[in-house]
Amino acid sequence: MKCRPTTKDAYQLLHDGCMALADVESHGIKIDLVQLERNIYTTSKRIEKLTARNTKSDVCKTWKKVFGRSTNFGSRTQLGEVLFSHMGYECKDEDRTKTGRPKADEETLSKLDIPFVQQYLKVERLKKARATYLRGIQKATMDGFLHPVFSLHLVRTYRSSSEAPNFQNIPIRIPWLGKLIRTCFIARPHHQLVEIDYSGIEVCVSACMHKDPRMIEYIKDPTKDMHRDMAGECYILRTKQVSKDSRFSAKNGFVFPEFYGDWFNRCARSLWDNITNLHLTLPDGTSLREHLKNKGINRLGPCDPKEKPRPGTFEKHIQEVENRFWNERFRVYNQWKQDWFREYQRTGRFTMATGFTVEGWYGKNDVINYPIQGPAFHCLLWSLIRLNNWLKKKRMRSRIVGQIHDSIVADVHKNELEDYLHMANKIMTQRLPKAWPWIIVPLEVEADVSPVGGSWYDKKEMKI
DNA sequence: AAACAGTGCGCG
DNA sequence: AAAGCGCGCACTGTTT
């Protein structure tokens, strides 16, 4: 494998980016050490309490009988053996890892529907929060500040990575978990934490590559909504019947997976499971399962690559949705994928819009995805460099303190907030497309701002 | 004790 | 024909 910046611009971006990120690293983000200590304490108490309650269950008794002194509740391998070898629960082929061991992740274990297991998963999640996040942050905090490292030389796609600790995977999707961790990140006195992110930057960059007119239309016309439309197709709904949750399901269970190279077989399962997990319904409360039944689809189907999807199954329906998706709706995108991959096969290399050449052995999905993931981050990096330089030149008190692929986190003095938001918006949405003419769709950003002295958890959207 | 593979889970 | 992209970190269980 050989990856290198081939153009001078590409080299310069990494050079300047490296220096800007060194600044970010030295600035650091303020940690509320009292809050952190308190959260570790309450989390430990909850772990103790739940663990004590769990010890009374049948599963736990069997576990201790089987493993005796070496019983370790942290071992999911042991749990798998207890459940599947001693308690008679069935482990299907699809629920095994590639090495043939029974899977013991949340998705698989939840399906067993055993009260103990649900409690167990809750405890494990609390342990994860305490070990990786709370204690991880505590260990790395110096004099009340955390200085995560950001690197540009470790990622195959020329994105960045972050470590010690990783600032790019702090919980947010599960509300109580996000709160537990993010309340520990606070603004400096008289400052506010400000996070500005590019909206749908990967979709925008992909549109710049394949120039699919339907996709460009979706980006430019605010009345159009790709995820809403696909929710309509996947669940056979009229536009008005699409709820926020069914849109969410289509976005993360169909549209993005398809863009990244997944296929109907897995999408169907995920969309189907989401009906139950997210309680997807029609506006009148009817379950989408029931709704699909009325449309002649009463089961998922085996989703087995070896078996051809049968009529009347959800699997078959999603296969048809996929065909329309790639052969009608986004056929220009589809053509680009084929052409781009063929050119790679011919030459053994491809070059990103930002001037980085990648050569060596890659799979089809890699070749399609890298030139989107990389340049999408480069938009952010280019902007971060300019914003950081501007803050330095104007000798402002505000500082950039972190970056998460498509967003910039800054600790902004309350008197500089307006200027900061204005300049960030200008650099990110106006100067960048001028500097890089290959960007042919409008770029947008969103800003989240915390109260003065508030925490990262308290951030609220603010119009620029 | 240190290194390694395998798993699982957090994020974009 | 093949069948989601990219990371870092903690932990278990085994090997060196």
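So you know, we letter chains A, B, ... as the sequences are listed, proteins then strands, and number each from 1. In this text the structure is predicted, and so the values were computed from the model without any measurement.
Contact annotation: A:R125 does not reach the phosphate of B:dG8 (side-chain N/O to OP1 or OP2, under 4.0 Å). Side-chain N/O atoms of A:S75 include one lying less than 4.0 angstrom from OP1 or OP2 on C:dG13. At the phosphate of B:dG12, OP1 or OP2 sits under 4.0 Å from a side-chain N or O atom of A:R173. Between A:N72 and C:dT12 there is a side-chain polar atom (N or O) within less than 4.0 angstrom of OP1 or OP2.
The distance between the ring centers of A:H227 and A:F256 falls below 6.0 angstrom. A centroid separation of 6.0 Å or more is found between the aromatic rings of A:Y370 and A:F356.
Residue-level contact check: A:S160 touches neither bases nor backbone, having no heavy atom under 4.0 Å from any strand. A:A129 comes within 4.0 angstrom of nothing in the nucleic acid, heavy atoms only. Residue A:K103 is classed as a sugar-phosphate contact, given heavy-atom separations below 4.0 Å to backbone atoms only. In this structure, A:I172 reaches the sugar-phosphate backbone alone: every heavy-atom distance under 4.0 Å involves primed, P, OP1 or OP2 atoms, never a base. Nucleic acid contact for A:A376: none, since no nucleic acid atom lies under 4.0 Å from a heavy atom of the residue. Contacts of A:E106 with the nucleic acid, taken as non-hydrogen atoms under 4.0 Å apart, involve only primed sugar atoms and P, OP1 or OP2.
Atom P of nucleotide B:dC9 and atom CG of A:D105 are separated by 5 Å, given to the nearest angstrom. The separation between A:W326 atom CH2 and C:dG4 atom P is 14 Å, rounded to whole Å. Protein atom CG of A:D197 is 9 Å distant from nucleotide atom P of B:dG12, rounded to whole Å. Rounded to a whole Å, the CZ atom of A:R101 is 11 Å from the C1' atom of B:dG8. Counting to the nearest Å, the C1' atom of C:dA1 and the OH atom of A:Y362 are 21 Å from each other. Distance A:E107 CD to B:dG10 P: 13 Å, rounded to the nearest Å. In this structure, the CZ atom of A:R76 is 8 Å from the C1' atom of B:dC9, given to the nearest Å. Whole-Å rounding puts the A:D406 CG to B:dG12 P distance at 8 Å.
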* To do: Check step by step if side-chain contact (heavy atoms from CB on, under 4.5 Å) holds for A:D9 and A:T354.
  => CA-CA 8 Å; A:D9 287 346; A:T354 40; over 6 Å; no

* **Intermediate values then yes/no, side chain to side chain donor-acceptor pair (under 3.5 Å), A:N323 and A:Q319** => CA-CA 6 Å; A:N323 281 335; A:Q319 183 183 33; 5.6 Å; no

* To do: May I have the step-by-step check of side-chain contact (heavy atoms from CB on, under 4.5 Å) for A:F185 and A:I31, ending in yes or no?
  => CA-CA 5 Å; A:F185 292 80; A:I31 298 300; 3.9 Å; yes

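Of the listed nucleotides (C:dA10, C:dG4, B:dG10), B:dG10 has the atom at the smallest distance from the side chain of A:K128. Nearest nucleotide to the side chain of A:N169, out of B:dG10, B:dG8, C:dA10: B:dG10. Each of B:dG10, B:dG8, C:dC7 was ranked by its minimum atom distance to the side chain of A:S161; first place goes to C:dC7. Here the side chain of A:Q78 is nearest to one of C:dG13, B:dC9, C:dG6, namely C:dG13. Residue A:R156 has its side chain nearest to C:dC7 when only C:dC7, B:dG12, C:dC9 are considered.
A distance-only check finds no donor-acceptor pair linking the side chain of A:Q35 to the backbone of A:C184 [under 3.5 Å].
Tested against A:F73 for a ring pair (Phe, Tyr, Trp, His ring centres under 6.0 Å), the candidates A:Y120, A:F67, A:W63 yield a single pass: A:W63.
Using modelled atom types, one finds a donor on one side chain and an acceptor on the other under 3.5 Å when comparing A:S455 with A:D458.
Salt bridge present: A:E202 and A:R159 bring a charged side-chain N and a carboxylate O closer than 4.0 Å. Between A:D95 and A:K111 a salt bridge is recorded (basic side-chain N to carboxylate O distance below 4.0 Å).
The CD1 atom of A:I219 sits 6.5 Å away from the OG atom of A:S206 when rounded to the nearest 0.5 Å.
Scanning atom types as modelled, one donor and one acceptor separated by under 3.5 angstrom connect the side chain of A:R159 and the base of B:dG12. Side-chain atoms of A:Q373 and base atoms of C:dC5 include a donor and an acceptor less than 3.5 Å apart.
Within residues 255-280 of chain A, no residue has a heavy atom under 4.0 Å from DNA chain B.
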* **For DNA chain C, the dot-bracket pattern of Watson-Crick and G-U pairs whose distances stay under 3.5 Å, | for other-strand partners** => ....||||||||||||

